[in-house]
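All remarks here apply to the structure that follows.
Not measured: the values here are computed from a predicted model. In what follows, every chain begins at residue 1, and chains take the letters A, B, ... in the order their sequences are listed.
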Number of protein chains: 2
Amino acid sequence: MAVRAGVGRGTVSRVINGSPRVSEQARAAVQEAIAELGYVPNRVARSLVTSRTDAVALVIPEPQTRLFAEPYFSDIVRGVSAELAGTDMQLLLTLVRTSHERQRLAQYLSAHRVDGVLMVSVHQDDPLPDLLKRIEMPAVLSGRRSGPEPVSHVDSDNVGGARLAVRHLVEVRGSRAVATITGPPDMDVARCRLDGYRQAIADSGHEPDERLVAHADFTEEGGREAMRRLLVRRPDVDAVFAASDVMASGALRILRESGRSVPDDVALIGFDDSVVARHTDPPLTSVRQPTEEMGRTMARLLLEEMATPGRDHRRMVLPTELVRRRSA
Amino acid sequence: MAVRAGVGRGTVSRVINGSPRVSEQARAAVQEAIAELGYVPNRVARSLVTSRTDAVALVIPEPQTRLFAEPYFSDIVRGVSAELAGTDMQLLLTLVRTSHERQRLAQYLSAHRVDGVLMVSVHQDDPLPDLLKRIEMPAVLSGRRSGPEPVSHVDSDNVGGARLAVRHLVEVRGSRAVATITGPPDMDVARCRLDGYRQAIADSGHEPDERLVAHADFTEEGGREAMRRLLVRRPDVDAVFAASDVMASGALRILRESGRSVPDDVALIGFDDSVVARHTDPPLTSVRQPTEEMGRTMARLLLEEMATPGRDHRRMVLPTELVRRRSA
DNA sequence: TTGAAAGCGCTAACAG
DNA sequence: CTGTTAGCGCTTTCAA
């Protein structure tokens with residue numbers, strides 16, 4: 001290769017890496033040689049000397065649920081992948097099931113086997129973000145554990161979205177006893193959506209009532225159970241804001257089973273814009289968060305951070321919107 | 001490291017790679033040194049010399065649809081990931097959107113940047129399997145293009161599953177005019193499910209009628225359109241076998257809009273065991289294919305093939321089963 | 001600006 | 001069985 005272009009190995013390398021310290025003449029010669037020989041640099045050899053891997057990991061903690069089947073993860077993956085397609089960065093998918101796998105992951109990251117990390121669905125007690133900070137590995141979370149994080153993260157406006165939804169139930173549908181089925185208290189996203197609910201209730205002038213608040217775990221089963229509890233505690237409930245579409249679907253089923261016609265008796269609203277919301281019949285009104293855009297933003301942020309070592313971490317909040325699929 | 005154990009570099013390497021040509025004594029010394037120094041071998045350096053990458057790519061062609069949101073892909077990913085977790089093979093996720101990206105992928109694979117390839121959702125005209133065969137890269141497909149493939153693949157028993165479903169409609173529900181909404185003819189999976197439908201109709205002794213067959217594209221919109229066509233062509237249709245759950249959901253909506261009550265007037269059956277099938281109300285009876293198991297099998301097959309260069313490719317067919325979620 | 005040379009950390013071939 | 005040696009293909013000083 002160096003011979004073919006009539007220059008030294010060093011010069012070839014400089015051309016490929018776009019160094020400015022190369023004469024036009026040499027650059028042209030090398031580029032011609034590249035074209036003729038169909039030369040493709042060996043990334044592994046490069047990695048060995050640069051100690052970069054040109055790969056980022058997307059970490060998805062995966063408990064018992066089929067979480068991954070939800071559009072949230074798919075959309076994140078799509079967004080990340082789309083953003084990375086323009087670079088020659090590889091996307092490693094890392095599902096973490098067991099605590100053993102968590103430890104292996106920690107080792108893996110500590111060994112700097114990737115250049116950066118994206119994480120979704122972080123729980124309160126997750127030590128990974130701190131580890132990432134400590135080993136100074138560029139990282140971006142979607143969501144956060146609570147309060148300030150040591151690494152960058154992108155979030156959607158959960159509080160605002162929840163307020164939008166609950167206000168819709170109160171003002172447009174005229175509901176008077178709006179309940180909420182929210183997520184586990186150890187997830188910031190659940191707390192925020194609950195906050196939004198409470199704010200909207202306060203704004204409406206209705207009486208807040210803790211019996212109208214049910215915690216669940218973002219699964220359909222959880223949604224069903226929560227709905228049953230709500231019906232016992234406040235049989236007069238006439239609207240439900242569920243903090244996820246799957247829970248909304250579960251609630252819907254219970255309402256139907258209990259003989260209540262939806263939406264005549266009860267208004268139901270989910271959070272995500274999802275398969276479930278769309279395929280439930282009638283489709284649920286819901287709050288859409290721009291999930292794919294969140295994925296793209298995460299990737300962009302990560303790339304920037306990888307290019308600018310030591311840069312301060314950022315927090316980005318993307319807007320949410322109400323999607324009405326049926327008339328009130 | 002070699003010094004610490006009081007042996008040569010070569011011996012260290014042999015111990016790490018589990019070579020049998022090492023004395024117990026030396027092995028113990030090295031392992032102790034490893035433990036004390038917390039030594040972790042550098043994979044990149046190893047890759048450079050072995051020219052293996054310890055990574056496999058999962059290729060997902062992704063057209064305009066939100067395909068990835070369907071449980072099929074998620075379950076495949078879960079299965080593959082679970083199987084790979086035991087090895088130290090990395091999983092690269094490769095979504096292919098544009099033809100430009102397809103070409104980049106072809107280059108990428110030709111450059112042997114991964115040790116093996118898993119592919120899902122292959123279409124008739126996909127050249128990738130042939131490329132993989134040509135460059136002798138271990139590869140496993142889920143499904144096939146049509147007839148024999150040059151590489152290994154795992155499939156579910158689509159013909160049998162479709163027969164099961166249609167027989168259920170005919171025998172248990174007593175339907176007389178069973179229609180089918182099937183996938184695009186350029187996908188083997190669609191042709192097989194259509195075959196199964198035809199066989200079951202033939203078995204039942206009912207008159208086959210091409211007006212009862214509608215092709216669609218595995219999307220909900222496609223399912224709706226197909227259902228509309230069917231209602232025009234054979235208003236007496238009293239059962240539908242849809243070759244995917246999403247299409248079944250679309251068909252369901254049209255049936256409801258047309259004032260027909262399901263399941264009183266009409267029986268509907270989907271193919272996959274999915275979020276949609278479960279959340280549709282009432283839940284659809286459906287045919288379940290063991291998707292996660294398919295993912296695991298794909299990964300296992302690939303690992304075997306990587307370990308045994310030159311091995312003949314295999315075809316595996318996994319059974320399907322009928323899942324009844326409501327009484328007839 | 002550029003060629004030459006020195007490794008990056010590992011494995012594999014080769015003598016012992 | 002084991003120590004030594006020679007690279008894998010690239011980037012990066014370091015002189016020129």
Partners meeting salt bridge (charged side-chain N to carboxylate O under 4.0 Å, His left out) with B:Glu83 (sequence neighbours left out) | B:Arg300
For nucleotides 1-9 of chain C, 5' to 3', base contacts (B), sugar-phosphate-only contacts (S) and non-contacts (-) with protein non-hydrogen atoms under 4.0 Å give SBB----BB
What residues form a side chain to side chain donor-acceptor pair (under 3.5 Å) with B:Glu36, not counting sequence neighbours?
-> B:Arg4
Rounded to whole Å, CG of A:Leu37 lies from P of D:dG9 at a distance of 14 Å
A:Arg113: partners by side chain to side chain donor-acceptor pair (under 3.5 Å), with sequence neighbours left out = none
Find out whether A:Asp157 and A:Leu318 are in side-chain contact, i.e. whether some heavy atom of one side chain is under 4.5 Å from a heavy atom of the other.
-> no
Among all residues two or more places apart in sequence or in another chain, which pass the side chain to side chain donor-acceptor pair (under 3.5 Å) test with A:Ser156?
-> A:Asn158, A:Gln289
Counterpart residues, side chain to side chain donor-acceptor pair (under 3.5 Å), relative to B:Gln107 (two or more places apart) = none
Could you list the donor-acceptor pairs under 3.5 angstrom formed by side chains in residues 48-56 of chain A, with sequence neighbours left out?
residue, atom, partner, partner atom, Å
A:Thr50, OG1, A:Arg46, O, 2.9
A:Thr50, OG1, A:Arg52, N, 3.3
A:Thr53, OG1, A:Ala55, N, 3.4
A:Thr53, OG1, A:Asp115, N, 3.3
A:Thr53, OG1, A:Asp115, OD1, 3.1
A:Asp54, OD2, A:Arg43, NH2, 2.9

Per-helix bend value, the helix from C:dT1-D:dA16 to C:dG16-D:dC1, C1' rotation axes over five pairs per end, 10° rounding, shows 40°
Do any of residues 104-114 of chain B sit with a heavy atom less than 4.0 Å from DNA chain D, and if so which?
-> none
Please list, chain by chain and in numerical order, all residues satisfying salt bridge (charged side-chain N to carboxylate O under 4.0 Å, His left out) with A:Glu24, sequence neighbours excluded.
-> A:Arg27
Excluding sequence neighbours, so at least two apart, what forms salt bridge (charged side-chain N to carboxylate O under 4.0 Å, His left out) with B:Glu32?
-> none
List for me each residue that meets side chain to side chain contact (heavy atoms under 4.5 Å, CB included) alongside B:Thr308, sequence neighbours excluded, and say none if there are none.
-> B:Arg311
